[in-house]
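What follows is a set of notes on a single structure, which appears directly below.
FYI, the numbering just counts along the sequence from 1. Counting starts at 1 for both ligands and their atoms, following the listed order.
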Amino acid sequence: MATDIYLDSNATNPVLASAVDAARQAMEQDFGNPSSTHRTGLRAKALLEAVRAKAARVLGAGDGRLMFNSGATEGIHTAVLSALVGLRDRRASGQPIAQRLLYGATEHKAVPESLAHWNRLLGLDLEILALPVAADGRHDLARLRALAPDAALVCTMAANNETGVISDLAGIERVLNATNSPAYWLVDGVQALGKLPLALAATRIDYAPFSGHKLYAPKGIGMLYVRAGAPFTPLMVGGGQEAGWRSGTENMAGVAALGAVLDALEDGTLRTLDELGAMRDQLADALRAAFPGLQFNTPFAQALPTTLNFSVPDVASAELLSLFDAVGVRVSAGSACSSGRLAPSHVLEAMHLPAWRSASAVRMSFGPLEDAATIASACTAIAQCGALLAARPSVRALAIADAAALEDFLSLHPDTTLIDVREAHELAPADDVQMGGRSALNVPMAQLNAHAREWLDAPEVPLVFICRSGQRACQAAASMRAQGHEQAWYLAGGLAERRGVPMP
Ligand code: PLP
């Protein structure tokens, strides 16, 4: 089995080798502070401006301004603050302002949170309203037409991070223009960079934030485009860097790395949409073959080819994620709250998908530098997942019913290896599971493969997998059985069922 097939690019990406080199050069050789007036500083300044010029070309920024910052969350906050201060100033000078702040119902949480935050802090008390999307994930333009005349700010992402749905930005712009909407327009460009053509200055977009780490640059570097003439208020003031628009010494390693990524974009190193579409089709065929009844949650025709969001009947997201993890494929569900537990996706809920599809949704995403070998390995691993899932009922039949049955099992098979597949963060300090007078070995799902050989080499030694609910343990036992270990079992109901034992 493959050890690590990373298909979670919409969350983040590894850093491009040439970007690592550029960052290293900026840290070791061209380490100057671009605000310094000596030669070392001037070299850094030249690098900063060269990357800015490159970014302006790639984004079609025209006479708009591009500033470097820490990423899209900062860019979104800066944009929202700027628009709202512009509105507050207009209101203070006696001009009428529209009363509504509109955001697409599938926006990244940074957008509605930022709107609520600055609306409250600035005491504006404007109405914040989600613009619904249709079942295909695209904005409801008829509703926008009705709301746009009284919209002061409209926020609509270019492409969605969970589903890959590409917004109809041209259609939105037509509605804003046709209704003479006074709205400022924020377009979150995070997932579009490197995947969709952007010509920002040719549109009425006022603000467009980007995050470097979604496209092979490191975390902590981003950009914000601001249309010439759009209101602007800095989020941070201080030393006056970035022409006073964003104080704080620039993250030059990040800027240099981003420059290398932009070079790759400009010189055509990244794959074309057609090539990416062919990779998506390969994955989609493998998924359909592996999971009967699987449904894709986005029509491919209007989604980024690099994102697949799908659901499998009767299989919860968490179960599918564990299954993929067990064969080394790193994917994600719609969203995860900070405790790491899966929450229903607000994006899929906004698309009014049937509840089972939200509950079993999985996102598989790759980047425009993906290589054919990884996609081929992923297809093999997907087939293995399908086989594991198909084997699941027989494993269920071999489940050890509860803790008492497990105690009996352990006294009959004293050589059993007890394996706790919970993640380290789920274990309380000194949370040593003791059963039948023995300690469990802690092997999280992602590390199963590393132990599989050793277990398969001793097929007579029973394996009993345990976890919190029994679900992952079931997958682990299924995985070992599918690989030929006849004595793999799991504790049904999990540790949560143990009476009188405090749970972490
Ligand atoms: N917008 C979109 C569409 C995103 O996918 C993300 C990150 O997941 C963000 C904004 C926030 O980006 P960052 O966390 O890099 O600030």
Side-chain angles (χ1 to χ4, degrees), residues 6-15 19 55 59 67-81 103-118 130-131 133 137-139 154-167 169 172 185-196 198 200 205 207-225 235-236 246 248 251 254-255 257-258 261 298 303-304 306-309 330-338 343 345-348 350-351 361 363-368:
Y6 186 78
L7 289 177
D8 200 13
S9 289
N10 288 10
T12 199
N13 272 295
V15 178
L59 301 178
M67 81 193 68
F68 295 111
N69 58 19
S70 67
T73 302
E74 182 184 332
I76 289 165
H77 275 265
T78 309
V80 169
L81 173 69
Y103 67 95
T106 57
E107 289 295 301
H108 187 278
K109 283 290 178 201
V111 170
E113 292 292 325
S114 172
L115 290 173
H117 183 70
W118 292 111
L131 174 65
V133 296
R138 286 189 145 188
H139 302 93
V154 171
C155 309
T156 51
M157 64 203 329
N160 186 271
N161 46 309
E162 287 188 30
T163 59
V165 167
I166 300 169
S167 299
L169 293 182
I172 293 170
W185 190 16
L186 187 167
V187 173
D188 175 341
V190 169
Q191 298 291 344
L193 186 62
K195 301 165 198 163
L196 296 175
L198 293 163
L200 296 172
I205 295 170
Y207 308 98
F210 299 91
S211 247
H213 71 107
K214 305 289 184 177
L215 193 73
Y216 307 112
K219 293 158 193 67
I221 183 69
M223 313 181 268
L224 175 66
Y225 161 84
L235 190 62
M236 298 194 288
R246 200 274 188 179
N251 168 7
V255 167
L258 183 61
V261 171
T298 321
L304 294 174
T306 45
T307 305
L308 296 100
N309 191 306
R330 313 296 174 228
V331 291
S332 69
S335 68
C337 69
S338 52
S345 151
H346 75 282
V347 173
L348 301 182
M351 290 162 69
R363 175 184 76 182
M364 189 171 265
S365 54
F366 54 98

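Residues P368 and L215 approach most closely at CG-CD1, 3.6 Å, considering heavy atoms. Heavy atoms only, all atoms of each residue included: G71 and S211 are closest at CA-OG, 3.6 Å. Between N309 and E162, the closest heavy-atom pair is ND2-O, 2.9 Å. Shown here for V111 and C155, the closest heavy-atom pair between the two residues is CG1-CB, 3.6 Å.
Rounding to the nearest 0.5 angstrom, the gap separating the CG atom in L169 from the CH2 atom in W185 is 5.0 Å.
Protein residues with a heavy atom under 4.0 Å from ligand 1 are A72, T73, H108, M157, N161, D188, V190, Q191, S211, H213, K214.
A donor-acceptor pair under 3.5 Å is formed between the side chain of N160 and the backbone N or O of T106.
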